[in-house]
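Everything below concerns the one structure shown next.
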Amino acid sequence: MLDPKWVREHPDDVIEAGRKKHMPCEEALEGFLAADRELRALLPEVEGLRSEQKNAAKTIGRASAAEREALLERQKEIKARIQDLGRREKELKERREACLLRLPNPPAQDVPEGVDDRDNVEIRRVGEPRVFDFEPKDHVRICEDLDLADFPRAAEIAGTRNYFLKGDLVLLEEAVLRFALDHMCAKGFRPLTVPLLVRDFAMVGTAYFPGGEEQAYRCEKDSLNLIGTGEVPVTAFHAGEILDRGNLPIRYVTRSVCFRREAGTYGKDTKGFYRVHQFQKVEQVIVDIGDPDRSLAHHESITRNSEELLQALELPYRVVNVCGGDLGQPQVQKFDIETWMPSREGYGETHSASRFHDFQARRLRLRYRGEDGKPRFCHTLNNTVVASPRILIALLENHQQEDGSVRVPEALRPYFGKDRLGLPPSRGSASGG
RNA sequence: GGAGGGAUGGCAGAGAGGCCGAAUGCGCCGGAUUUGAAAUCCGGUUUGCCGCGAGGCAACGGGGGUUCGAAUCCCUCUCCCUCCGCCA
């Protein structure tokens, strides 16, 4: 949410934000300004009447029976008038708020112009995509050959975009998730487990609602939503609080299951692990004081944190500066990390590092006390540390061997216990039989 | 799932239709006293909105209602506690 005072004074900047993000917002802006204007014209009158009512109410308490009659007469008039104006006031406040929730956060200066992910600008590229001296398989084939996953049965039981992991791949997933969690804990991030079902306010507060309802699974009976990312409960964790400045920045890392309906993506990435309804994610979240420079520094550090992880996993990747049109409503800027996936003959998005300034914090009423003692809104940021099974695509495909096995990178071996994934003994010849 | 009790400022806790944005204690901030500290004393200490300002309005878990007037009465939702039932 934007600062209503700022919007009032900078309507052109809001329009510009909508233009750059390819997110038209003229209507919402007009709605906001109109409601705001009328509301502020209305306030002096209602408040004046309330003031009169309040004072008279005090007088009546002490008045004699005779005086009381006359006063009551006038009071009834005021009451009716206040009820009328009060209804209008409430209506306007609701409309103003609803419009305000839809206005986009202005992107940073150095967010590139563009309409979609094709216009994202590469910032750096790390690691060389491997040149295979044999015909590499895609991860679906690798899973079939090594009996590491089951897609048909998953589709039967849960619908498309679902999967079973089997055997060593289950353990590899556990290994990479735990490795990611440890990696972040070592940097001072505090681990948190979270509720996977959350109330609407958490979805609204993190700016997934309104607008993203179609992407979320909803449990209507209980008015709860399955989270699409651990960011939601973690960022909402301190909602409504005024944090002690001395405790900031707060750094959290969470591992959670995430759910996405993937509505409107039919026919896109239908095979394998790339786009699924349910996955696991280790996520880093930072809450700090409202200082754009510090936010920017955090943004860079949370991006590096994830890059370090990919380097430890020996995976080639690149970092892109996400363009305006590919940015969501709440972000000031987003750096995506894309990991090399041989079957795609390209880089696929595995991480998304966002900074929001106070956009989420305002919605969540997440504040801290400034040096002058006044409450101020925090800044929030987050980034993926690792998301599975998407990361498994990169691990399986990049580290596959000519003999059909898959090498496990050094960093994961203490967690996985072996140096490669091979055929299960009952089926394979690789382990000799 | 059933029955009952509760939700008040950073915390504890009074208030039970008007004199209550709210006693008191603790905590915190400032000052006095002190060589320094403790103790003691004095003062301050919720948030949001409107307004250039003076000032005004709103908020006692959320929403709705009764009333000239609601922290206080009624309805409803949420949360917490106790008891019963069920259960990983």
Side-chain angles (χ1 to χ4, degrees), chain A residues 1-9 32-101 193-205 209 218-225 233 236-248 250 257 289-290 358-378:
Chain A
M1 187 160 74
L2 297 171
D3 178 356
K5 284 181 200 146
W6 183 86
V7 174
R8 200 181 286 152
E9 286 157 21
F32 168 84
L33 291 173
D36 184 60
R37 218 177 295 123
E38 190 181 337
L39 181 65
R40 285 193 300 147
L42 188 72
L43 280 177
E45 193 183 354
V46 212
E47 292 190 353
L49 285 167
R50 286 206 181 108
S51 182
E52 188 181 343
Q53 181 184 53
K54 210 167 147 183
N55 288 324
K58 287 179 186 171
T59 318
I60 289 173
R62 282 174 301 229
S64 66
E67 288 169 323
R68 195 170 289 202
E69 282 310 306
L71 287 168
L72 286 182
E73 220 29 55
R74 168 69 183 149
Q75 281 299 88
K76 278 179 185 165
E77 282 173 39
I78 293 181
K79 184 189 183 183
R81 186 84 182 116
I82 287 177
Q83 268 173 356
D84 275 3
L85 295 177
R87 250 189 296 279
R88 183 67 183 154
E89 180 192 7
K90 200 183 156 214
E91 220 173 271
L92 289 167
K93 277 186 173 158
E94 280 166 4
R95 175 135 42 95
R96 189 173 72 156
E97 175 82 2
C99 291
L100 194 57
L101 282 177
T193 68
V194 297
L196 305 182
L197 282 162
V198 301
R199 293 230 166 96
D200 288 340
F201 95 86
M203 298 299 286
V204 173
F209 291 176
R218 168 125 182 126
C219 303
E220 197 54 60
K221 253 186 195 169
D222 301 289
S223 302
L224 293 170
N225 311 282
F237 187 75
H238 292 290
E241 296 179 23
I242 299 178
L243 300 167
D244 189 344
R245 199 192 151 94
N247 293 336
L248 298 174
I250 294 173
V257 185
I289 62 168
D358 61 3
F359 198 81
Q360 294 182 320
R362 274 181 188 279
R363 292 169 167 236
L364 291 166
R365 290 185 8 268
L366 174 51
R367 292 174 294 178
Y368 68 101
R369 218 167 272 288
E371 273 158 341
D372 57 0
K374 295 273 167 245
R376 297 226 169 78
F377 289 106
C378 294

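Just so it is clear, the values below take in all heavy atoms, side chains as well, and ignore hydrogens, waters and symmetry mates. Computed from a predicted structure; not experimentally measured. Per chain, numbering begins at 1; letters A, B, ... match sequence-line order.
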request  = When you get a sec, tell me which of B:C49, B:G48, B:C68 is the closest nucleotide to the side chain of A:Lys5?
outcome  =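 Taking heavy atoms from C-beta onward, the closest nucleotide is B:C49.
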
Is [X] touching bases, backbone alone, or none of the nucleic acid, heavy atoms closer than 4.0 Å?
X: A:Lys90; value: sugar-phosphate
X: A:Arg8; value: sugar-phosphate
X: A:Arg96; value: nothing
X: A:Arg199; value: sugar-phosphate

Please confirm whether the shortest side-chain N or O distance from [X] to OP1 or OP2 of [N] is below 4.0 Å.
X: A:Arg365; N: B:U47; result: no
X: A:Lys58; N: B:G69; result: no
X: A:Arg369; N: B:U47; result: yes

Calculate the interatomic distance between [X] atom [atom1] and [N] atom [atom2]; express it in whole Å.
X: A:Lys374; N: B:U47; atom1: NZ; atom2: P; result: 6 Å
X: A:Asp222; N: B:U78; atom1: CG; atom2: P; result: 10 Å
X: A:Asp244; N: B:C28; atom1: CG; atom2: C1'; result: 11 Å
X: A:Leu224; N: B:U78; atom1: CG; atom2: P; result: 11 Å
X: A:Leu364; N: B:G48; atom1: CG; atom2: P; result: 16 Å
X: A:Lys76; N: B:C68; atom1: NZ; atom2: P; result: 5 Å
X: A:Glu77; N: B:G69; atom1: CD; atom2: P; result: 13 Å
X: A:Ile242; N: B:U47; atom1: CD1; atom2: C1'; result: 7 Å

query = Can you name the side chain to side chain contact (heavy atoms under 4.5 Å, CB included) partners of A:Pro375, sequence neighbours left out?
reply =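 A:Ile242, A:Arg367, A:Arg369.
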
Sort out the partner of [N] for me: Watson-Crick or G-U wobble, both distances under 3.5 Å, none otherwise.
N: B:C87; answer: none
N: B:G55; answer: B:C50
N: B:G21; answer: none
N: B:U72; answer: none
N: B:C28; answer: B:G44
N: B:C79; answer: B:G6

task = Looking only at non-hydrogen atoms, find the nearest pair between A:Val204 and A:Arg363 and report the distance.
result =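 Minimum heavy-atom separation between A:Val204 and A:Arg363: O-NH1, 2.7 Å.
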
Test: [X] and [Y] ion pair at under 4.0 Å:
X: A:Lys90; Y: A:Glu94; value: yes
X: A:Arg50; Y: A:Glu89; value: yes
X: A:Asp36; Y: A:Lys5; value: no

query = Do other residues, nucleotides or ligands put more than 12 heavy atoms under 6.0 Å from A:Arg376 CZ?
reply =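 Counting other residues, nucleotides and ligands, CZ of A:Arg376 exceeds 12 neighbours.
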
A:Glu9, CD: over 12 other non-hydrogen atoms inside 6.0 angstrom =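 It does: A:Glu9 CD has more than 12 such atoms within range.
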
For [N] versus [M], give the span between their [atom1] atoms, rounded off to a whole number of Å.
N: B:G63; M: B:U8; atom1: P; result: 16 Å
N: B:C77; M: B:G25; atom1: P; result: 40 Å
N: B:A23; M: B:C75; atom1: C1'; result: 31 Å
N: B:C52; M: B:U67; atom1: P; result: 37 Å
N: B:G44; M: B:G61; atom1: P; result: 27 Å
N: B:U76; M: B:G2; atom1: P; result: 14 Å
N: B:C49; M: B:A39; atom1: C1'; result: 44 Å
N: B:A22; M: B:G9; atom1: C1'; result: 9 Å

task = Check RNA chain B against residues 34-53 of chain A and give the residues with a non-hydrogen atom under 4.0 Å, in numerical order.
result =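 When residues 34-53 of chain A is checked for heavy atoms under 4.0 Å from RNA chain B, the hits, listed by number, are A:Arg40, A:Leu43, A:Glu47, A:Arg50, A:Ser51, A:Gln53.
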
key: Spacing of CG belonging to A:Leu33 relative to CZ belonging to A:Arg96, to within rounding of 0.5 Å   =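 Reported value, rounded in 0.5 Å steps: 10.5 Å.
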
query = Backbone N or O of A:Tyr368 within a donor-acceptor pair of the A:Arg245 side chain at under 3.5 Å?
reply =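 A pair under 3.5 Å: no.
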
query = How do A:Lys54 and A:Arg367 order along RNA chain B: which one's closest nucleotide is nearer the 5' end?
reply =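 Looking at the nearest nucleotide for each, A:Arg367 comes out on the 5' side.
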
ask   = Do A:Asp84 and A:Arg88 pass the salt bridge (Lys or Arg N to Asp or Glu O under 4.0 Å) test, and can you show the C-alpha distance, the side-chain angles, and the key distance before you say yes or no?
value = CA-CA 7 Å; A:Asp84 275 3; A:Arg88 183 67 183 154; over 6 Å; no

